[in-house]
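Have a look at the structure below, then the notes.
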Protein chains: 2
Amino acid sequence: MTEQPTPPTRITPRRAATRQRLLAAASAVIAERGVNGASVESICEEAGFTRGAFYSNFATKEDLLNELMSQKHDELLGRIRTILERSAQDPPAGVEMVDYLVDQVMAANPQDRESRLVESEVGLYLIRNPEHAPLLLKAMQPFRDELLRLLTVGLARAGRRLAVAPEDALNAVIAGYETGTTAMWVAAASGHGEDLDVCRRTLTIIVKAISEPA
Amino acid sequence: MTEQPTPPTRITPRRAATRQRLLAAASAVIAERGVNGASVESICEEAGFTRGAFYSNFATKEDLLNELMSQKHDELLGRIRTILERSAQDPPAGVEMVDYLVDQVMAANPQDRESRLVESEVGLYLIRNPEHAPLLLKAMQPFRDELLRLLTVGLARAGRRLAVAPEDALNAVIAGYETGTTAMWVAAASGHGEDLDVCRRTLTIIVKAISEPA
DNA sequence: TGTATTCAATACAGTAATGTATCGAACAGG
DNA sequence: CCTGTTCGATACATTACTGTATTGAATACA
């Protein structure tokens with residue numbers, strides 16, 4: 001399904017660089033105009049290539065989309081792992097742990113906004129094309145697992161533990177993160193500065209709700 | 001900004017019906033393919049018109065989009081008001097109140113899925129084009145107000161009250177609803193039937209989190 | 001250094017979408 | 001009725017996008 005035009009082509013450095021530039025460009029364009037608004041043409045333009053480069057590297061737009069998603073997930077996974085390690089060396093105590101983790105997640109990345117937009121687009125894509133759900137869900141599972149680990153470890157360090165089913169806890173936390181960041185950006189757009197607190201408060205509420213003192 | 005081609009044209013019944021059919025078609029097509037995937041052509045086809053009808057009724061696609069959004073918000077508002085009234089006549093007591101309200105909201109509408117998709121699309125549109133945020137936010141305010149009323153009244157009937165800032169409570173509840181319905185549809189797509197419980201559980205967690213015994 | 005290969009650019013043909021200008025059937029008001 | 005207006009259909013010109021086939025410069029290799 002995700003097959004190069006010429007199956008086992010050796011990947012030269014040049015080719016790798018081109019692919020990477022196309023992927024980055026796709027991310028930017030999709031964030032700006034959505035999956036359907038991102039024509040092959042526009043992606044290539046953003047990357048500074050012609051469509052020749054595109055079709056030489058990807059069979060279809062969906063092909064590129066799959067690889068982009070896989071990259072985004074790896075990225076996210078890496079970020080969570082980093083936070084886990086960092087928080088092990090430098091562990092705040094008690095309820096501040098929640099604030100600490102939220103800050104870590106939020107502060108992680110300036111291009112977070114772009115990633116969020118791309119992921120939302122793909123989320124919608126998933127709801128719209130339910131036949132693809134199983135595949136994408138499986139791709140997300142490692143990320144969910146790692147996030148759950150971060151959550152339980154973080155809670156343990158704060159002297160708490162999960163009070164609801166792990167799956168439900170994950171859903172709630174992800175909900176809080178998404179709505180929180182959205183509220184934050186909207187607030188920023190309305191003239192008030194980017195208020196990280198909106199996101200932190202929403203997440204804190206939810207983390208308290210899904211946990212109890214150990 | 002939202003001006004008819006010929007400014008103060010009298011609205012004949014025929015015209016009104018055409019507009020409505022175009023709006024409904026747009027909703028369906030946008031839900032299926034996204035804002036950018038919904039070409040004027042495809043909307044007209046879905047509605048059973050040619051583009052002549054479209055350009056006779058709307059200046060641009062964005063023009064139609066604005067009207068569509070305004071309709072969706074009115075719809076939502078009406079739904080919440082209905083639940084408020086119904087729950088006054090038939091009030092369950094205690095914590096079951098939460099389940100009751102969630103069920104009411106969930107059971108309300110078979111085309112809910114379509115509305116959710118359209119609203120998500122527009123939410124993304126809002127984040128992407130922050131300059132439009134103030135306008136859309138203002139349009140959403142009545143809805144948020146009414147939802148807050150439903151929440152406080154419902155909580156009061158359950159012998160509880162808000163424990164966090166109203167704005168934060170709203171954000172959290174909306175987050176729960178969105179993630180809950182998404183999880184539900186994804187579960188449905190993965191072979192398990194539509195599990196209303198996923199949504200109910202997520203929302204219950206959140207409602208408990210934002211409230212305390214009165 | 002010469003030859004083979006790789007890979008993006010170019011050229012081309014075909015399709016889809018846009019917006020405008022015009023036409024004519026349906027439907028008023030008299 | 002019939003006459004003027006409304007409104008959606010049609011026709012047309014233009015532009016954007018797609019995908020393929022071919023070319024030629026850069027690169028790897030010997």
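Everything numeric in this text was worked out from a predicted model, so none of it was measured. By convention in this document, chain letters (A, B, ...) are assigned in the order of the sequence lines, proteins followed by strands, and residues within each chain are numbered from 1.
Pairs passing the salt bridge (Lys or Arg N to Asp or Glu O under 4.0 Å) check and including a residue from residues 32-48 of chain B, sequence neighbours excluded, read B:E41-B:R51.
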**Verdict with supporting geometry, B:Q141 and B:E146, side-chain hydrogen bond (donor to acceptor under 3.5 Å, both in side chains)** = CA-CA 9 Å; B:Q141 199 52 52; B:E146 200 69 7; over 6 Å; no
**Criterion side-chain contact (heavy atoms from CB on, under 4.5 Å) on A:I174 and A:L147, from CA distance to verdict** = CA-CA 10 Å; A:I174 292 171; A:L147 183 56; 4.0 Å; yes
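Note on A:N57: a side-chain N or O is less than 4.0 Å away from OP1 or OP2 of C:dA8. Residue A:T12 places none of its side-chain N or O atoms closer than 4.0 Å to OP1 or OP2 of D:dT27. Residue B:T50 places at least one side-chain N or O closer than 4.0 Å to OP1 or OP2 of D:dA9. A close approach under 4.0 Å does not occur between any side-chain nitrogen or oxygen of B:S56 and OP1 or OP2 of D:dT6.
Where B:E41 and B:R14 meet DNA chain C, the nucleotide closest to each residue was compared, and B:E41 sits on the side nearer the 5' end. Nearest-nucleotide mapping onto DNA chain C: of B:S42 and A:P13, the residue sitting toward the 5' end is A:P13.
Of the possible polar contacts, none joining the A:S56 side chain to the A:G52 backbone as a donor-acceptor pair under 3.5 Å is found.
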I'd like a list of close polar pairs between nucleotides 1-4 of chain D and the protein, N/O only, cut-off under 3.5 Å.
none

Nucleotide N/O to protein N/O under 3.5 Å, stretch nucleotides 1-4 of chain C:
none

**Request:** Would you give a per-nucleotide map of nucleotides 11-16 of chain D, 5' to 3', where B means the base has a protein non-hydrogen atom under 4.0 Å away, S means only the sugar-phosphate does, and - means neither?
**Result:** ------
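For B:S39, the side chain to side chain donor-acceptor pair (under 3.5 Å) test picks out B:S42, with sequence neighbours left out.
Rounded to 10 degrees, the angle separating the terminal helix axes of the helix from C:dT1-D:dA30 to C:dG30-D:dC1, each built from five base pairs, is 20°.
Between the CZ atom of B:R15 and the P atom of C:dA28 there is a distance of 15 Å, rounded to whole Å.
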